[in-house]
Amino acid sequence: MLLVSFNKYKAIYYTLIFAFLLLLRLVFFAEAAPFDYDSVKNYQIIEEIATGDWHNFFHHASPILYLFFLPFYFINASFEFLVSINAFVGVWAVFLWSRLLEKNRIFFVFFLGISFSLISFSLYFSIENLSLLSFAILLIELKKMQKNSNSNNFVKIGIWASITLFINYKAIVPLFFIGLVLIFLGKKNTKFYTHIFIGALGVFLLLTFIGVLAGLAWYQYPAVLFRIFGVAERINPTKYEISYYFAYILKFDVFLIFLSFWGAASIFKRSSLANKIFLVSSIGTFLVMSLLPKAPRGLIFWLPIAYLLTFNWLYQIKYKGLFFIIFVLFSVFQLYNYYQYILPYKHSQYKEAAKYLKEKKVEVVFTTLSINIYPYLSKSIQLVVLREIKDTLLFKDFKGKKYLLYDTYCEISNHTDLKILKPQQADTSFFEKSLLQPMLYLENSEYTGWGFEESLQKQKEIKEQTKHLYLKSLK
């Protein structure tokens with residue numbers, strides 16, 4: 001009777017959960033500032049493409065991101081609208097991940113959807129949510145393959161693997177381990193890499209062709225990819241801290257997730273190819289990412305699989321009452337993290353700073369590295385980014401009314417030479433909560449070289465400052 005009742009109202013339950021998960025990501029989003037530099041940079045690139053300027057189309061090797069969001073920009077060009085679409089994509093991805101389960105999907109949707117990390121990834125306008133969606137579709141196709149393995153399946157797998165890779169180049173790590181499983185354990189041991197190569201070549205040529213039509217050089221995309229994958233792209237500043245991701249998970253995504261490792265052997269009673277793919281790609285991806293520059297987004301391809309494995313292991317508990325107790329405790333823990341580490345930092349003063357500049361009829365504003373004010377800045381005001389202290393020579397190149405916006409983001413990203421520009425007496429200043437978000441400091445670990453605890457200690461230091469945004473007129 002209970003099962004019949006659930007099936008009857010299933011659509012309503014899923015709709016309510018979808019709305020709740022979306023609400024968690026969008027509450028106060030109108031008052032929130034852009035999460036980081038890349039968020040605004042991606043918005044600027046879409047804005048440029050919409051006006052016919054395609055020179056940044058291959059920025060960060062993520063042209064699919066810009067093509068995906070471009071139609072939404074034409075519907076509504078505001079930054080907030082695109083962030084809301086990005087959050088929608090994140091929740092949609094969670095629902096797709098639930099299709100990898102044969103049953104208990106409604107519990108898993110909630111289980112994965114309230115993940116602190118996945119909610120955090122929706123804070124900033126970047127590649128994570130879209131790659132999470134694409135990767136889910138890829139794994140769904142891989143699961144279908146075990147039931148009906150034919151060329152059509154492998155073509156789809158090749159296409160979605162390629163799309164995922166060209167959204168987020170970090171996908172090369174899980175794709176490598178998926179390929180290993182298929183080579184050593186799969187019946188069609190050569191088709192995975194063959195179709196990925198064909199799919200990647202096809203997607204690559206299509207994106208290159210789009211770039212050429214837009215006036216870019218044919219070699220521009222290969223050059224970007226070479227720069228990213230080349231070992232000499234940049235020296236890794238991050239300390240060798242193998243415990244970084246373990247510390248992160250214990251603090252923000254709850255210790256239960258480690259059961260995805262410990263209980264791996266007993267999670268699946270059926271030794272299906274899909275289950276082996278989940279297990280090997282999960283462990284392999286975590287280990288590889290632990291050796292690379294650290295940032296929570298580096299776990300984007302590990303987290304959902306780990307949650308999937310953990311959920312399956314928990315559901316094997318003989319006493320369902322214990323499962324529900326653990327499930328509730330987990331949910332309370334995650335929602336508490338959301339309340340403590342995300343919600344308090346959503347109220348921003350960047351809009352007020354932009355309003356002040358407009359009222360003062362400012363023509364040029366120089367900002368210390370951060371571009372977070374850009375989405376709210378009047379189009380009549382030119383924004384010039386100072387990346388190092390010698391860039392102050394640009395002051396004399398601009399006439400008219402000029403202002404300096406000292407943004408503490410430069411301290412968060414460890415550009416300490418710019419700290420000399422902090423005004424002793426500013427015309428006005430603001431306490432900026434968005435610059436105190438703990439995840440912002442951890443995401444910057446990849447560039448600052450700070451370890452896990454060192455990054456959080458820096459957050460505490462910046463939090464003690466009375467102001468974080470300073471506006472000073474340049475005579």
Side-chain angles (χ1 to χ4, degrees), residues 28-37 39-41 43-44 47 78-80 83 123-125 343-438 440-441 444 458-475:
F28 298 137
F29 87 103
E31 291 85 6
F35 181 75
D36 64 357
Y37 186 94
S39 295
V40 182
K41 183 63 178 177
Y43 174 67
Q44 286 180 325
E47 189 176 58
S78 70
F79 179 78
E80 290 92 342
V83 170
L123 294 178
Y124 53 106
F125 183 52
L343 204 58
Y345 306 105
K346 282 201 168 186
H347 298 278
S348 171
Q349 294 297 311
Y350 277 107
K351 288 183 180 179
E352 290 300 314
K355 181 180 178 182
Y356 177 88
L357 291 168
K358 184 177 181 180
E359 290 174 349
K360 293 294 182 179
K361 295 180 170 50
V362 175
E363 297 174 54
V364 183
V365 58
F366 296 88
T367 177
T368 51
L369 191 65
S370 173
I371 54 176
N372 279 12
I373 197 173
Y374 178 81
Y376 318 112
L377 202 62
S378 171
K379 297 301 181 183
S380 63
I381 301 175
Q382 184 176 355
L383 183 68
V384 180
V385 181
L386 306 174
R387 302 182 186 281
E388 47 190 345
I389 197 63
K390 69 178 183 180
D391 290 339
T392 54
L393 295 173
L394 296 172
F395 287 169
K396 67 180 186 303
D397 295 337
F398 292 86
K399 308 302 179 183
K401 198 166 188 180
K402 298 175 285 190
Y403 261 74
L404 169 68
L405 168 61
Y406 181 85
D407 194 314
T408 311
Y409 182 80
C410 66
E411 298 175 36
I412 297 170
S413 56
N414 206 22
H415 283 66
T416 52
D417 60 327
L418 294 173
K419 195 172 181 180
I420 196 173
L421 296 175
K422 182 180 284 189
Q424 296 299 315
Q425 290 185 332
D427 294 350
T428 189
S429 56
F430 304 90
F431 185 87
E432 181 52 45
K433 291 183 179 180
S434 71
L435 294 178
L436 306 178
Q437 157 69 267
L440 178 61
Y441 296 77
N444 272 286
K458 189 66 178 180
Q459 184 259 351
K460 293 178 181 178
E461 294 174 8
I462 300 293
K463 195 172 184 178
E464 291 176 356
Q465 297 182 12
T466 56
K467 303 291 181 180
H468 308 100
L469 301 178
Y470 299 84
L471 284 171
K472 177 74 175 178
S473 176
L474 298 173
K475 305 299 183 182

Asp407 vs Ile373, side-chain contact (heavy atoms from CB on, under 4.5 Å): CA-CA, chis, key distance, verdict: CA-CA 10 Å; Asp407 194 314; Ile373 197 173; over 6 Å; no

Modelled atom types, side-chain donor and acceptor of Tyr376 and Glu80, under 3.5 Å: no

From Glu432 atom CD to Ser370 atom OG, the distance as rounded to the nearest 0.5 Å: 9.0 Å

Closest non-hydrogen atom pair, Tyr409 against Leu440: CE1-CD1, 4.0 Å

Non-hydrogen side-chain atoms of Leu469 and Glu352 separated by less than 4.5 Å: no

Inter-residue atom distance Glu363.CD - Ser380.OG, 0.5 Å rounding: 8.5 Å

Backbone N/O of Phe125 and side chain of Ser39: donor-acceptor pair under 3.5 Å: yes

Exercise: identify the closest heavy-atom pair between Leu343 and Phe28: CD1-CD1, 3.8 Å

Tyr37 versus Asn444, side-chain donor and acceptor atoms under 3.5 Å: no

Parallel, tilted or perpendicular: rings of Phe35 and Tyr124 (30°, 60°): parallel

Option among Leu471, Thr392, Val364, Leu386 that satisfies the side chain to side chain contact (heavy atoms under 4.5 Å, CB included) test with Leu404: Leu386

Side chain to side chain, Lys422 and Glu411, heavy atoms closer than 4.5 Å: yes

Closest non-hydrogen atom pair between Glu388 and Leu418, with its separation: C-CD2, 3.6 Å

Any Tyr374 side-chain heavy atom under 4.5 Å of Val385 side chain: no

Whether Asp417 side chain and Ile389 backbone form a donor-acceptor pair below 3.5 Å: yes

Distance in Å, Lys467 NZ paired with Gln349 CD, rounded so as to fall on 0.5 Å steps: 8.5 Å

OH on Tyr356 to OG on Ser429, rounded to 0.5 Å: 10.0 Å

Any Glu359 side-chain heavy atom under 4.5 Å of Lys355 side chain: yes

Any donor-acceptor pair under 3.5 Å from Tyr441 side chain to Leu435 backbone: yes

Considering all heavy atoms, the nearest Lys433-Pro344 contact: CD-O, 3.4 Å

Gap between atom CZ of Phe366 and atom CG of Leu405 - 0.5 Å precision: 12.0 Å

Lys401 to Val362 - nearest heavy-atom pair and separation: O-CG1, 3.6 Å

Heavy-atom donor-acceptor pair, Lys402 side chain to Phe395 backbone, under 3.5 Å: yes

Residue pair Tyr403 / Asp427, side-chain donor-acceptor N/O under 3.5 Å: yes

Which residues share a salt bridge (Lys or Arg N to Asp or Glu O under 4.0 Å) with Lys396, sequence neighbours left out: none

Distance, nearest 0.5 Å, that separates NZ of Lys419 from OG1 of Thr368: 12.0 Å

Leu369 versus His415, closest heavy-atom pair with distance: CD2-ND1, 3.6 Å

Side-chain donor/acceptor of Lys472 to backbone N/O of Gln425, under 3.5 Å: yes

